[in-house]
Amino acid sequence: NAGVTQTPKFQVLKTGQSMTLQCAQDMNHNSMYWYRQDPGMGLRLIYYSASEGTTDKGEVPNGYNVSRLNKREFSLRLESAAPSQTSVYFCANSLEENQPQHFGDGTRLSIL
Amino acid sequence: GESVGLHLPTLSVQEGDNSIINCAYSNSASDYFIWYKQESGKGPQFIIDIRSNMDKRQGQRVTVLLNKTVKHLSLQIAATQPGDSAVYFCAENMASGGSQGNLIFGKGTKLSVKP
């Protein structure tokens with residue numbers, strides 16, 4: 001039982017390259033989330049999916065797109081990476097909204 | 001308490017002592033609060049949550065206190081152990097003006113336990 005699995009764990013990109021971060025859950029939870037965490041800061045919500053088939057913007061959506069492929073998978077795409085997107089990206093899920101969120105171990109992304 | 005700048009506030013305690021980590025939240029309409037623990041290189045781990053209809057909730061070695069009057073949340077850890085060393089985040093749920101899934105995180109407090 002892996003919970004929330006993120007791939008890759010590390011990635012280095014050049015400015016302008018595109019990249020999709022993958023997230024899969026085996027908890028059968030309805031809601032999924034993407035956050036970014038920058039040094040010395042808490043997590044900021046990029047996008048979330050309250051249930052399969054729906055997605056909504058969070059606090060910092062610019063430069064990102066998401067796809068809720070099915071109940072298990074929620075991917076985050078950077079179409080044209082910028083150095084400001086260097087960060088650690090966390091995927092999370094919750095049974096429903098307003099319930100505890102459970103996090104993966106993150107993708108460390110560096111953009112040169 | 002929570003920090004605004006790049007440097008996390010640090011709480012240093014002796015092994016076996018009790019720890020209290022504080023958090024000031026921003027929205028009086030928030031009705032759900034969570035404490036997370038984050039170890040180096042890992043994702044945040046759920047510790048305990050509390051809803052606004054309560055002012056205290058206890059778990060195993062942890063207690064969360066909520067004071068809605070002054071918008072303050074605290075996490076108490078009893079008999080702190082070296083394994084408790086981590087960064088602790090509070091998060092509030094902005095129940096009004098948007099999705100209830102939108103957690104707002106504080107910037108964290110680093111707990112350091114001296115053996």
Side-chain angles (χ1 to χ4, degrees), chain A residues 2-7 9-10 21 23-25 27 29-52 54-61 66 68 74 87-108, chain B residues 1-10 21 23-27 29-53 57 59 64 73 86-110:
Chain A
V4 178
T5 303
Q6 293 184 236
T7 55
K9 295 189 186 307
F10 302 93
L21 308 186
C23 176
Q25 54 127 352
M27 302 169 74
H29 284 184
N30 291 309
S31 301
M32 298 185 76
Y33 312 84
W34 275 105
Y35 291 88
R36 62 178 287 172
Q37 184 176 35
D38 299 299
M41 299 183 70
L43 286 81
R44 292 183 292 169
L45 183 66
I46 305 171
Y47 270 94
Y48 65 97
S49 171
S51 60
E52 186 179 354
T54 69
T55 60
D56 286 286
K57 294 178 180 179
E59 181 185 353
V60 288
V66 290
R68 183 74 183 267
F74 188 39
S87 190
V88 182
Y89 290 86
F90 288 100
C91 177
N93 70 3
S94 62
L95 181 60
E96 302 286 351
E97 292 182 282
N98 213 18
Q99 294 283 328
Q101 294 182 17
H102 306 274
F103 288 79
D105 281 337
T107 294
R108 283 144 187 83
Chain B
E2 302 287 318
S3 168
V4 175
L6 288 177
H7 299 287
L8 290 174
T10 299
I21 301 171
C23 176
Y25 64 90
S26 58
N27 190 340
S30 293
D31 66 352
Y32 180 53
F33 306 87
I34 308 179
W35 279 100
Y36 285 94
K37 172 186 180 183
Q38 187 175 26
E39 296 173 288
S40 181
K42 299 276 190 179
Q45 177 186 357
F46 170 81
I47 302 173
I48 192 168
D49 59 357
I50 188 167
R51 299 194 184 270
S52 59
N53 60 351
R57 190 165 188 223
V64 55
L73 195 66
V87 177
Y88 289 80
F89 293 95
C90 64
E92 64 182 295
N93 175 264
M94 305 288 277
S96 62
S99 168
Q100 294 188 339
N102 195 357
L103 282 180
I104 303 297
F105 283 79
K107 293 179 175 59
T109 296
K110 183 177 181 179

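What you are looking at is a predicted structure, and each value in this text was computed from that prediction instead of being measured.
- Here Y32(B) pairs with D49(B) under the side-chain hydrogen bond (donor to acceptor under 3.5 Å, both in side chains) rule; sequence neighbours left out.
- The two residues K42(B) and R108(A) come nearest to each other via the heavy atoms N-NH2, 4.0 Å.
- Rounding to the nearest 0.5 angstrom, the gap separating the CD atom in E59(A) from the CZ atom in F105(B) is 11.0 Å.
- A search for salt bridge (charged side-chain N to carboxylate O under 4.0 Å, His left out) contacts involving R44(A) returns D38(A), not counting sequence neighbours.
- In this structure, the side chains of L103(B) and Y35(A) come closer than 4.5 Å at one or more pairs of heavy atoms.
- When heavy atoms are compared at a cutoff of 4.5 Å, Q6(A) does not approach chain B at all.
- The two residues P44(B) and F103(A) have their closest heavy-atom pair at O-CB, 3.5 Å.
- The CZ atom of F89(B) sits 4.5 Å away from the CD atom of Q37(A) when rounded to the nearest 0.5 Å.
- Heavy-atom distances place the side chain of Q38(B), and not its backbone, under 4.5 Å from chain A.
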